[in-house]
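All values below come from the heavy atoms of this structure, side chains included, with hydrogens, waters and symmetry mates left out.
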Amino acid sequence: MLDNLKNYHIILASNSPRRRELLAGLGIDFEVRVLPDIEENYPPTLPVSQIAQYIAKEKAQAYREVMTDDQLIITADTVVVAAGEVMGKPVDADDAFRMLRKLSGCKHQVITGVCLTSTAVQREFSVTTDVAFKQLTDDEIHYYIDHYHPFDKAGAYGIQEWIGYIGVTGLEGSYFNVMGLPVQRIYTELSRF
């Protein structure tokens with residue numbers, strides 16, 4: 001599958017083990033390469049629905065200087081949006097608790113922006129998934145933070161972990177998007193690349 005990519009050396013520009021696992025599930029040969037110190041900032045006036053895509057594109061721009069013609073770079077960024085607040089990765093356990101307390105008993109959106117970049121073509125898109133959580137107890141939140149250390153995850157949770165097992169009551173959209181990479185959409189876009 002994806003024979004149209006046979007002339008490309010595909011690079012996943014992410015340290016996320018979840019993104020690596022998900023992309024590997026598509027049967028694509030790729031290498032992981034991450035440039036240090038890429039900023040994940042965005043203009044404060046940017047609509048929340050565009051933030052993840054904007055950051056994914058900014059990450060791709062950092063690779064433009066070091067790309068060769070045979071490379072295809074995949075960059076991504078995920079944000080969680082709850083009641084208008086954009087949640088990235090928590091800075092510490094207190095911040096993780098605050099985020100999970102806000103998500104508790106509510107529906108929120110997980111938005112992943114993706115940018116597919118070669119020297120000749122760039123495609124960017126975002127995918128949104130609605131996720132509903134049950135009302136979580138403080139003990140459940142503390143247990144999750146203490147045992148799973150979700151400090152590398154937007155919104156302070158991984159749906160594929162314990163908190164997802166006991167807390168997620170509904171999902172509308174791509175499960176894999178919530179994990180950090182909307183692989184179905186990526187497959188579709190790569191097939192057109």
Can you name the residues that form a salt bridge (Lys or Arg N to Asp or Glu O under 4.0 Å) with [X], not counting sequence neighbours?
X      : answer
Asp138 : Arg101
Asp95  : Arg98
Glu58  : none
Glu161 : Lys153

How many angstroms lie between [atom1] in [X] and [atom2] in [Y], if you round to the nearest 0.5 Å?
X      : Y      : atom1 : atom2 : value
Met99  : Lys89  : CE    : NZ    : 11.0 Å
Leu22  : Tyr175 : CG    : OH    : 9.0 Å
Leu12  : Ile74  : CG    : CD1   : 6.0 Å
Leu103 : Leu136 : CG    : CG    : 8.5 Å
Glu31  : Ile11  : CD    : CD1   : 5.0 Å
Lys134 : Ser104 : NZ    : OG    : 8.0 Å

[X]: side-chain contact (heavy atoms from CB on, under 4.5 Å) partners, not counting sequence neighbours:
X      : value
Gln184 : Thr188
Ala154 : Thr78, Val80
Thr137 : Asp139, Glu140

I'd like to know if the side chain of [X] reaches the main chain of [Y], judged simply by a donor and an acceptor atom lying under 3.5 Å from each other, with no hydrogens or angles considered.
X      : Y      : answer
Gln50  : Pro47  : no
Ser118 : Leu72  : no
Gln53  : Ser126 : yes

For a quick test of reading the model, state the closest non-hydrogen atom pair linking [X] to [Y] and the distance between them.
X      : Y      : value
Tyr63  : Arg33  : OH-O, 3.1 Å
Gly173 : Leu171 : O-CD2, 3.7 Å
Phe125 : Glu189 : CE2-CG, 3.4 Å
Ala83  : Lys102 : CB-CE, 4.0 Å
Leu190 : Asn4   : O-ND2, 2.8 Å
Gly113 : Ala56  : O-CB, 3.4 Å

message = Are more than 12 heavy atoms, taken from residues, nucleotides or ligands other than Gln61, located less than 6.0 Å from that residue's CD atom?
response =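 It does: Gln61 CD has more than 12 such atoms within range.
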ask   = Does atom OH of Tyr144 have more than 12 heavy-atom neighbours from other groups under 6.0 Å away?
value = yes
Residue pairs, two or more places apart or on separate chains, that pass salt bridge (Lys or Arg N to Asp or Glu O under 4.0 Å) and touch [range]:
range            : result
residues 63-79   : Lys59-Asp77
residues 106-126 : Lys57-Glu124
residues 10-22   : Arg18-Asp152

request  = List the steps and the verdict of side-chain contact (heavy atoms from CB on, under 4.5 Å) for Tyr187 and Ile28.
outcome  = CA-CA 10 Å; Tyr187 179 83; Ile28 297 171; 5.7 Å; no
Side chains of [X] and [Y]: closer than 4.5 Å at any heavy-atom pair?
X      : Y      : value
Phe151 : Ile145 : yes
Leu116 : Phe193 : yes
Val183 : Arg185 : no
Ser14  : Val32  : no

ask   = Which hydrophobic side chains are connected to Ile55, either touching it within the sub-4.5 Å cutoff or through other members that do?
value =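 Grouped by the 4.5 Å side-chain rule, Tyr42, Leu46, Val48, Ile51, Tyr54, Val79, Val81, Val86, Ile111 form the rest of the cluster around Ile55.
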ask   = Are Val91 and Met87 connected in the hydrophobic side-chain network, where two residues link if heavy atoms are under 4.5 Å apart?
value =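 No, no single cluster joins them.
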request  = Only pairs at least two apart or in different chains count here, so list each ring-ring contact (aromatic ring centres under 6.0 Å, His included) that has a residue in residues 103-122.
outcome  = His108-Phe133, His108-Tyr157
task = Going by the side-chain hydrogen bond (donor to acceptor under 3.5 Å, both in side chains) test, name the single residue among Thr128, Thr129, Asn177 that passes it with Thr112.
result = Asn177
